[in-house]
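Below you'll find the structure, written out as structure tokens, and then a few comments.
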Amino acid sequence: MIAMAKAPKEYICVMRLHGNVSENEIREVCKEFTGQIYQRPPLKSSVKRVVRIRTIYYIDLLEISNRDVLMRIGCEAGTYIRKLCHDIGIVLGTGGHMQELRRTKSGVFKEDELRKIILPVEKVIEGIPKITIRDSAVDAICHGANLAAQGILTLESNIKRGSLVAIITKKGELVALGISQKSSEEILNEERGIMVKVRRVIMERGTYPKMWK
């Protein structure tokens with residue numbers, strides 16, 4: 001799903017350094033890698049190897065044992081932890097590589113939830129701005145229609161042009177995901193026109209009665 005793929009990630013990682021260095025140096029260098037960084041995907045990757053910007057939200061050093069560094073890393077989707085360890089090793093002057101990796105969080109999902117087979121799909125959209133629509137508009141959206149101003153009941157105030165939004169029913173059921181064509185303020189001032197271009201329909205057709213021609 002789009003939301004899951006783009007959601008922030010958290011990992012527990014063991015980085016093995018190739019030489020000895022003080023704990024203070026490790027901590028200082030890890031601070032340098034917090035924030036926006038430049039990454040080129042590794043040779044063995046499924047994407048084009050071009051330099052891109054990724055955000056590291058935090059690097060928590062949990063334990064340092066000889067040359068092994070246990071870290072908790074929060075990062076933007078698409079960040080290569082293996083490459084991050086390699087680059088930290090270079091800056092430390094010792095070299096280094098990723099020894100072990102475990103994903104502990106993806107968006108709103110924690111490690112124990114990632115292992116569950118069934119979760120309400122609405123769980124995925126907890127961090128996404130929402131637009132509530134009329135019951136009469138639901139089935140049209142399920143058939144691929146874009147969301148027009150007339151179909152909107154309420155919306156959250158943090159919607160921006162071009163942002164991903166969740167289209168939900170009055171009961172909070174997820175109908176679809178789409179790209180907002182206007183900001184929250186602009187949508188409130190519109191009476192007609194397409195407000196959201198639907199990108200992924202989630203709800204099955206026929207869940208709500210057909211009320212369109």
Side-chain angles (χ1 to χ4, degrees), residues 1-129 160 162-164 166 174 177 179 199-200 202:
M1 184 178 287
I2 296 172
M4 281 292 290
K6 293 184 177 181
K9 305 292 189 290
E10 182 186 84
Y11 298 93
I12 295 293
C13 167
V14 175
M15 174 179 66
R16 177 160 293 173
L17 300 176
H18 300 166
N20 297 321
V21 64
S22 71
E23 179 177 330
N24 185 60
E25 288 178 281
I26 296 171
R27 292 187 181 280
E28 288 302 314
V29 168
C30 285
K31 286 180 184 178
E32 294 178 18
F33 280 85
T34 303
Q36 289 191 328
I37 65 170
Y38 292 93
Q39 274 200 333
R40 186 190 298 275
L43 288 170
K44 294 182 180 179
S45 66
S46 58
V47 299
K48 189 175 180 181
R49 296 190 69 241
V50 295
V51 175
R52 51 191 186 167
I53 298 174
R54 288 294 181 265
T55 302
I56 306 297
Y57 304 116
Y58 53 85
I59 301 177
D60 296 334
L61 297 185
L62 304 178
E63 184 179 345
I64 299 174
S65 178
N66 297 321
R67 296 181 180 181
D68 289 338
V69 183
L70 180 64
M71 306 183 291
R72 180 187 292 115
I73 301 167
C75 59
E76 182 181 354
T79 303
Y80 287 91
I81 304 300
R82 184 182 301 276
K83 186 68 168 60
L84 177 65
C85 291
H86 174 79
D87 292 344
I88 290 174
I90 289 176
V91 174
L92 282 169
T94 62
H97 67 273
M98 183 184 75
Q99 183 70 13
E100 295 180 26
L101 182 69
R102 187 176 84 238
R103 188 170 67 181
T104 53
K105 193 173 181 182
S106 180
V108 297
F109 292 101
K110 295 181 180 179
E111 183 176 24
D112 57 340
E113 295 175 309
L114 288 168
R115 294 176 179 173
K116 293 179 181 178
I117 298 174
I118 300 175
L119 280 169
V121 69
E122 286 75 22
K123 183 79 172 176
V124 177
I125 62 170
E126 286 187 359
I128 300 175
K160 299 178 181 179
S163 64
L164 180 70
L174 179 59
L177 296 169
I179 303 299
R199 288 291 178 264
R200 181 73 61 87
I202 306 300

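These numbers come from a predicted model, not from an experiment. Any value given below was found using the heavy atoms of this structure, including those in side chains, with hydrogens, waters and symmetry copies removed.
Every residue two or more places apart in sequence or in another chain that forms a side-chain contact (heavy atoms from CB on, under 4.5 Å) with T79 is listed here: Q39, R54, I56, C75, E76, I81. Shown here are the side chain to side chain donor-acceptor pair (under 3.5 Å) partners of R72, two or more places apart in sequence or in another chain: there are none. Residues satisfying the side chain to side chain donor-acceptor pair (under 3.5 Å) test with D68, not counting sequence neighbours, are R16.
How far OG1 of T104 is from OH of Y11: 9.0 Å, rounded to the nearest 0.5 Å. One finds the CD1 atom of I53 at 10.0 Å from the CD1 atom of I37 (value rounded to the nearest 0.5 Å). To the nearest 0.5 angstrom, R27 atom CZ is 5.0 Å from I64 atom CD1. Summarising the geometry, atom NE2 belonging to H97 is positioned 10.5 Å from atom CE belonging to M15; distances are rounded to the nearest 0.5 Å. Considering CD of E10 and OH of Y58, their distance stands at 3.5 Å, rounded to 0.5 Å. In this structure, the separation between CD1 on I202 and CG on L174 is 5.5 Å, given to the nearest 0.5 Å.
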Quiz item: Can Q99 and C85 be said to form a side-chain contact (heavy atoms from CB on, under 4.5 Å), step by step?
Solution: CA-CA 9 Å; Q99 183 70 13; C85 291; over 6 Å; no
Quiz prompt | side-chain contact (heavy atoms from CB on, under 4.5 Å) evaluation trace for L164 with I179 | solution = CA-CA 5 Å; L164 180 70; I179 303 299; 4.3 Å; yes
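Taking the side chain as every heavy atom from C-beta outward, I88 and V69 never approach each other to under 4.5 Å. Between I12 and L62, some side-chain heavy-atom pair lies under the 4.5 Å cut-off.
In this structure, F33 and L84 approach most closely via the heavy-atom pair CD2-CD1, 3.7 Å. Closest of all the heavy-atom pairs between C30 and I59 is O-CD1, 3.7 Å. The shortest non-hydrogen separation linking L92 to V21 is CD2-CG2, 4.1 Å. Scanning both residues, T94 and H18, for their nearest heavy atoms gives O-CB, 3.1 Å.
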